[in-house]
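So the structure is just underneath, and the comments pick up after that.
Quick note: residue numbers are just sequence positions, from 1.
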Amino acid sequence: MTEGSASKKTEKLNGSVEYITYTNNSNGYTVAVLRLNDDSITIVGTMPFLAVGDCVEVTGYFDSHPVYGPQFKVQSFEKAAPSDTASILRYLSSGAIRGVGPSTARNIVERFGDRALEVIETQPERLAEIRGISLDKAEKIASEYSKQFGVRDVMLFLSPFRVSPEGALKVFNALGNSATEIIKNNPYVLCSEDIGFSFEKAEEMSHYFAIPKDSDCRIAAGVEYVLKHNLSNGHTCLPKEKLVDTAARLLECEPDEVNAVCDQMLNTLQLRLAVIDETDFVFLPKYFLAEEFVAARLSVLLKYSPPSELMADLEIDFIEKQQNIRYEDMQREAIKTAVSRGIMVLTGGPGTGKTTTLNAIIKILKSKDLNIALAAPTGRAAKRMSELTGCEAKTIHRLLEVEWSDDERHVFARNEKNPLSCDVLIIDEMSMVDILLFESLLRAVRLGTRVIMVGDYDQLPSVGAGNVLADIINSHTVPTVALKKVFRQAMESLIVANAHCIISGNEPDLNSKTSDFFMLQNLNPALATELVTELCTKRLPDAYGYKPLTDIQVLCPSKMMELGSVNLNNLLQDKLNPSVKDTKKVVYKGFELREGDKVMQIKNNYDILWTADDGESGSGVFNGDIGILETVDRKNGLVRVRYDDKVATYYGENIGELELAYAMTIHKSQGSEFECVVLPILDTPKKLMYRNLLYTAVTRAKKLLIIVGSRQAVLSMVENNRKSLRYTSLKKRLEDIFVD
């Protein structure tokens, strides 16, 4: 496993299935015992509808599981129907076919002998000749039997197109026994959400089956592809004219042809339409309904706010005296709004007192015996929220109790039927929350719950589609308090002062040699790369005592180029954790992780097990969590990663969810703070040269920020106020609802 399956010797085994240990009906993953003449071996892999008595040929490689011992990892398999009466009886008696038990199996074999399976497949009505089997039951038996070999036919049909067994099973589950004929006529059905193939894969198959370029099915798939592709750019919708033109270029069709198909899709609700500022916008239904729901739910939450509790200034004065704090006017306004209104937004930049204000709000609401839930979109943001407030904060996914459905998609246990029990819900880092996640969150909020949204309006928007925080604020429909006064103590930090200069479009101070913000000009990418490496490995540790793995973080605008995170990770890995003769390492899909490396989890995984230093155990590691790879156990095929006070264990494919974290993109750093940030800005792609990206990077640094690269590039980013344009409808929907 550690060197990847490609380095294992591929073998073929032929035998009969002796025992089924485990099977997952949704994805076909199966653990079984295969009888090989006088021996047997455990086989594991995607083998849908495998049954006791099946005769199979499996292709794969031998491996060793840390708990279960020797196994044969199956990469592909073929199943043959049993041919003699004894094998047929064993197969039918195994329960492989729903509705056929041992007694019915015996009756079928006694009646039809070694032709029993042929009769089931081609003449199922003859099963009704057996007492106890009606025509209806005979048809159901035939249908169940066809699944056993129908999926095999789909796998064989799709194998020339390099489709995995898991992918083939998705196709079969979605399309059934008619899958091959359906795909031949319209391969673009494979792009549906239930199956999830790429448009490029469907195009490849379309060429093979000679689907005309101007066919409606191809144009419809192209239109959906353009909308789906633009979700990754944050758009929940696109102007219809722009959508049609883009799809026409992609498909090499006439715009009129695309427009006609688009209209058909709108008529059948495959797509949805909204008019915003006299322009037609087209949506995928899920995103249309999400923005519609969020707008409606926010208006209802405001309408059914909890009883208003007006706070007198004397009460805030008492808290100030008790806490030895002096609140600024807008902080006082925020505290009053949180207590007197059912929903609000608290926004502000660094040094404006958001945390102080939030802590006051929490203290007051707790004094009223209200149950408060705190949440943030990522694990790191939730941890930081816990540290700043002294209260437990969860990721939004954890708060909503994420579960996995039968089709391997996450669903939330908390929803309209099972809402959250809290009286107050506070969400931090709201700029990172996308529209689908916010929809799920609001579905779980009871009427009468106070909802307080906290975030920096000027931060980068969410990775997922939508512009939730900005749309809510810009709609002027939800009570919003913006903290703008920067406290004198905070302004003593050049990081804070320059952050406010940047977001205001003013030139930051890049000349200081004595503060916490430095600019090191270097216009040669190769030399700048050396400087970044030297800062992290020698100069900053020597001058400030910073630990390279825990205190220093390199943030890059891009993954690519010499000063991108990929190249810098490789260079810093070799400097800080070089590979020597005895270094234990794991190579996975072309990248190398070594014991001692700084690594980051790149997706939420609620199944990864961990053990804390105090003996507590649990599961779940989250996108953006940063740790140190402590152990590479090649023998048992696992690695262990330390995340603060707990150690998580990764097996097999899960290792692919880790990547080096000496350097990371600015987008990945959202919701985090680091003692020291090194920020290379030189060979930055033009599309990433904008103000909000620079602002987000600068505000990640707590004590020291060093920019390496071009002064002119930094100033160009400050001047470019091109906020990431996002086509959304939430702002307009909120305005329309509140006007009505």
**Request:** Would you mind reporting whether Ser579 and Arg594 have side-chain heavy atoms less than 4.5 Å apart?
**Result:** yes

**Prompt:** Do Thr631 and Val639 come close enough that some side-chain heavy atom pair is under 4.5 Å?
**Reply:** no

**Item:** Flag side-chain contact, heavy atom, 4.5 Å: Asn654 against Thr649
**Value:** no

**Asked** Does one side chain, of Gln71 or Asp63, offer a donor that lies under 3.5 Å from an acceptor on the other?
**Response** no

**Message:** Between Tyr188 and Glu224, is there a side-chain donor-acceptor contact under 3.5 Å, judged purely by atom types and distance?
**Reply:** no

**Request:** Rounded to the nearest 0.5 Å, what's the gap from CG on Leu284 to CE on Met265? Could you check?
**Result:** 8.0 Å

**Polar side-chain atom of Gln573 near backbone of Glu592 as donor-acceptor pair, under 3.5 Å** = yes

**Asked** Is a side-chain donor or acceptor of Thr268 paired with a backbone partner of Gln264 at a separation under 3.5 angstrom?
**Response** yes

**Message:** Quick check for you: to the nearest 0.5 Å, what is the distance between Lys646 atom NZ and Asp613 atom CG?
**Reply:** 11.0 Å

**Prompt:** With a 4.0 Å cut-off, would you call Glu630 and Arg642 a salt bridge?
**Reply:** yes

**Request:** Compute whether any side-chain donor of one residue and acceptor of the other, for Tyr287 and Glu439, lie under 3.5 angstrom apart.
**Result:** no

**Message:** As an exercise, state the distance from CD1 of Ile435 to CG of Leu289, rounded to the nearest 0.5 Å.
**Reply:** 11.0 Å

**Asked** So which heavy atom on Ala465 is nearest to which on Asp434, and how close?
**Response** O-CB, 3.3 Å

**Message:** I'd like to know if the side chain of Arg443 reaches the main chain of Glu416, judged simply by a donor and an acceptor atom lying under 3.5 Å from each other, with no hydrogens or angles considered.
**Reply:** no

**Asked** Under 3.5 Å, side chain of Ser93 to main-chain N/O of Leu89, donor-acceptor pair present?
**Response** yes

**Item:** Electrostatic pair Arg218:Asp214 at N-O distance under 4.0 angstrom
**Value:** no

**Request:** Could you tell me whether Phe62 atom CZ has more than 12 heavy atoms of other residues or ligands within 6.0 Å of it?
**Result:** yes

**Prompt:** Nearest heavy-atom pair of Ala290 and Leu436: which atoms, and what distance?
**Reply:** CB-CD2, 3.8 Å

**Message:** Would you say that more than 12 heavy atoms from the other residues, nucleotides or ligands in this model lie under 6.0 Å from the NZ of Lys228, or not?
**Reply:** yes

**Message:** How close do Ile219 and Glu257 get, counting heavy atoms only, and between which atoms?
**Reply:** CD1-CB, 4.1 Å

**Message:** With rounding to the nearest 0.5 angstrom, report the CD to SG distance, Glu78 to Cys55.
**Reply:** 13.0 Å

**Asked** Parallel, tilted or perpendicular: which fits the ring planes of Tyr208 and Phe161, with parallel below 30° and perpendicular above 60°?
**Response** perpendicular

**Electrostatic pair Lys213-Glu252, nearest N-O below 4.0 angstrom** = yes

**Message:** Taking the side chain as everything from C-beta on, heavy atoms only, tell me whether Tyr643 gets closer than 4.5 Å to Val621.
**Reply:** yes

**Asked** So which heavy atom on Pro187 is nearest to which on Ile211, and how close?
**Response** CD-CG1, 3.8 Å

**Request:** Taking the side chain as every heavy atom from C-beta outward, state whether Val58 and Lys12 have any pair of such atoms under 4.5 Å apart.
**Result:** no

**Asked** Between Gly656 and Ile602, what is the shortest heavy-atom contact and its length?
**Response** O-CD1, 4.0 Å

**Message:** On a heavy-atom basis, which atom in Val258 and which in Cys253 lie closest, and how many Å separate them?
**Reply:** CG2-CB, 4.3 Å

**Prompt:** Would you say the side chain of Gln601 lies within less than 4.5 Å of the side chain of Ile608, judging by non-hydrogen atoms?
**Reply:** yes

**Asked** With a 4.5 Å limit on heavy-atom distance, are the side chains of Leu593 and Lys585 in contact?
**Response** no

**Request:** Give a yes or no on whether the backbone of Val580 and the side-chain of Thr583 come within a donor-acceptor separation of less than 3.5 Å.
**Result:** yes

**Asked** Does Asp625 reach the main-chain N or O of Phe622 with its side chain, forming a donor-acceptor pair under 3.5 Å?
**Response** yes

**Asked** Less than 6.0 Å separating the ring centroids of His229 and Phe199?
**Response** no

**Item:** Non-hydrogen side-chain atoms of Glu595 and Arg640 separated by less than 4.5 Å
**Value:** no

**Fill in**
Rounding to 0.5 Å, atoms OG1 (Thr30) and OH (Tyr22) come to a distance of 8.5 Å

Side-chain atoms of residues 100-114: list all donor-acceptor pairs with protein atoms under 3.5 Å, sequence neighbours left out, distances to 0.1 Å.
from	atom 1	to	atom 2	distance (Å)
Asn107	ND2	Ser103	O	3.4
Arg111	NE	Glu129	OE1	3.3
Arg111	NH2	Glu129	OE1	2.9

**Prompt:** Rounded to the nearest 0.5 Å, what separation is found between the NZ atom of Lys668 and the OG1 atom of Thr378?
**Reply:** 10.0 Å

**Request:** State whether the number of non-hydrogen atoms from other residues, nucleotides or ligands found under 6.0 Å of Lys201 atom NZ is greater than 12.
**Result:** yes

